[in-house]
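First up is the structure itself, then whatever we jot down about it.
Quick caveat, the model's predicted, so the values are computed rather than measured.
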Amino acid sequence: NVKSDSGKTTHGCSFTSTDGWVYDLSPLTKPDGVEDYHVRFEKQQYSLTLNICSNVDKTKLEPSCKQHLQNGELSPVYQTNDPGKSCYYLGNVDKPKWEVMDTTNPRKGVVLTYTDGQLCGVRGKRSVSYHMICANNFLSFEPPSFAYESPICHYNIVWPTIHACP
């Protein structure tokens, strides 16, 4: 992990699978001062503010998230409800877990999971998985397509991008 001058924690944003496929998602990481990604849940009043391989820019978070910042609870993903009355952090950038989406066809993409998010009742801590789908016609600046929660307290972000192509 690397801590920048601004105190923002990042981790290496590339992964090499056991059979040699290399995935480099670093072009998708947003630096501080740049608006992070946003994605809404289908048919629900929730949205995510997220970055990849780095924490969200704390200066741009909803006011409801400020308590987490005061407690030092930085995260690559925050969930808020509209109009922003609640805020949950979904994972810890210091705990990335990488896996190939489909070992029989590594060209499908890669999954990056962060664990150790905010407590979610008796179910333990929240976690989030980025399903990075290889899509040659999606450019660097395109945001994630959609997000959903399954199982409860585990969040999934579906993100077609050229950068998920090994």
Open item on the list: Using a 3.5 Å distance criterion without hydrogens, assess whether the side chain of Trp159 forms a donor-acceptor pair with backbone atoms of Glu142.
Closed with: yes

Open item on the list: Would the distance check show the side chain of Asn156 and the main-chain N or O of His131 forming a donor-acceptor pair, the cut-off being under 3.5 Å?
Closed with: no

Task: salt bridge (Lys or Arg N to Asp or Glu O under 4.0 Å) involving Glu149 - partner list, sequence neighbours excluded - done: none

Task: Exercise: do Asn81 and Ser86 side chains pair donor with acceptor under 3.5 Å - done: yes

Open item on the list: Give me the atom names and distance for the closest heavy-atom approach of Pro144 to Val39.
Closed with: O-CG2, 4.1 Å

- [ ] For Phe15, check ring-ring contact (aromatic ring centres under 6.0 Å, His included) against everything at least two apart and list the hits.
- [x] Trp98

Open item on the list: Under the side-chain contact (heavy atoms from CB on, under 4.5 Å) test against Ile157, which residue among Ile52, Leu112, Leu90, Leu48 passes?
Closed with: Leu48

Task: All pairs passing salt bridge (Lys or Arg N to Asp or Glu O under 4.0 Å) where residues 111-120 contributes a residue, at least two apart - done: Lys95-Asp116, Asp116-Lys125

Task: Validation row: Arg40, Ser47 side chains within 4.5 angstrom (heavy atoms) - done: yes

TODO: Report the residues that fulfil ring-ring contact (aromatic ring centres under 6.0 Å, His included) with Tyr89, sequence neighbours left out, ordered by chain and then residue number.
DONE: His68

- [ ] Might you point out which heavy atoms bring Asn55 and Pro76 nearest each other, and give the distance in Å?
- [x] OD1-N, 3.4 Å

TODO: Assess whether atom CZ of Arg123 is packed by more than 12 heavy atoms of other residues, nucleotides or ligands within 6.0 Å.
DONE: no

Open item on the list: Under a 3.5 Å distance rule, please check whether Ser75 uses its side chain to pair with a backbone N or O of Gly91 as donor and acceptor.
Closed with: yes

- [ ] Drop me the distance from Met132's CE to His163's NE2, to the nearest 0.5 angstrom.
- [x] 8.5 Å

TODO: Would you check if the side chain of Tyr37 reaches a backbone N or O of Leu28 as a donor-acceptor pair within less than 3.5 Å?
DONE: yes

- [ ] Of all the heavy-atom pairs spanning Leu74 and Tyr78, show the shortest one and how long it is.
- [x] CA-OH, 3.3 Å

TODO: Can you see which heavy atom on Thr49 is nearest to which on Leu61, and at what distance?
DONE: CG2-CD2, 4.3 Å

Task: Val77 side chain near Val56 side chain, heavy-atom distance below 4.5 Å - done: no

Open item on the list: Distance check, rounded to the nearest 0.5 Å: Asp32 atom CG versus Lys58 atom NZ?
Closed with: 7.5 Å

Task: Side chain Asp57, main chain Gly33, donor-acceptor under 3.5 Å - done: yes

TODO: Dump the intermediate steps for side chain to side chain contact (heavy atoms under 4.5 Å, CB included) on Val128 and Leu50, then the final yes or no.
DONE: CA-CA 11 Å; Val128 59; Leu50 62 120; over 6 Å; no

- [ ] State whether the number of non-hydrogen atoms from other residues, nucleotides or ligands found under 6.0 Å of Lys66 atom NZ is greater than 12.
- [x] yes

- [ ] Starting from Met101, walk the hydrophobic network (Ile, Leu, Val, Met, Phe, Trp, Tyr; side-chain heavy atoms closer than 4.5 Å) and list everyone else you reach, by chain and number.
- [x] Val111, Ile133, Phe146, Tyr148, Val158

Task: Pair listing, salt bridge (Lys or Arg N to Asp or Glu O under 4.0 Å) test, anchored in residues 103-113, at least two apart - done: Asp102-Lys108

TODO: For Gln70, check side-chain contact (heavy atoms from CB on, under 4.5 Å) against everything at least two apart and list the hits.
DONE: Gln67

- [ ] Could you check Glu73 against Gln118 for side chain to side chain contact (heavy atoms under 4.5 Å, CB included), going step by step and ending with a plain yes or no?
- [x] CA-CA 9 Å; Glu73 298 160 336; Gln118 190 168 344; 5.8 Å; no

Task: Any residue meeting side-chain contact (heavy atoms from CB on, under 4.5 Å) with Ser26, in chain and number order, not counting sequence neighbours - done: Cys13, Asp24

Task: Tyr88 side, atom OH; Cys65 side, atom SG - distance, nearest 0.5 Å - done: 11.0 Å

TODO: Hey, could you give me each pair passing ring pair (Phe, Tyr, Trp, His ring centres under 6.0 Å) that has a residue in residues 43-62? Not counting sequence neighbours.
DONE: none

Task: Test side-chain contact (heavy atoms from CB on, under 4.5 Å) applied to Ser127 - qualifying residues, sequence neighbours left out - done: Thr115, His154

Task: Shortest non-hydrogen contact between Asn136 and Ile162, atoms and distance - done: O-CD1, 3.5 Å

Open item on the list: Measuring from atom CH2 of Trp21 to atom CG of Asn105, what distance do you get when rounded to the nearest 0.5 angstrom?
Closed with: 8.0 Å

Open item on the list: I'd like to check the side-chain contact (heavy atoms from CB on, under 4.5 Å) partners of Asn137; sequence neighbours left out, ordered by chain and number.
Closed with: Ala135

Task: Nearest atoms (heavy-atom pairs only) where Tyr23 meets Pro106 - done: OH-O, 2.7 Å

TODO: Please name all residues satisfying side-chain hydrogen bond (donor to acceptor under 3.5 Å, both in side chains) with Tyr114, sequence neighbours left out, ordered by chain then number.
DONE: His11

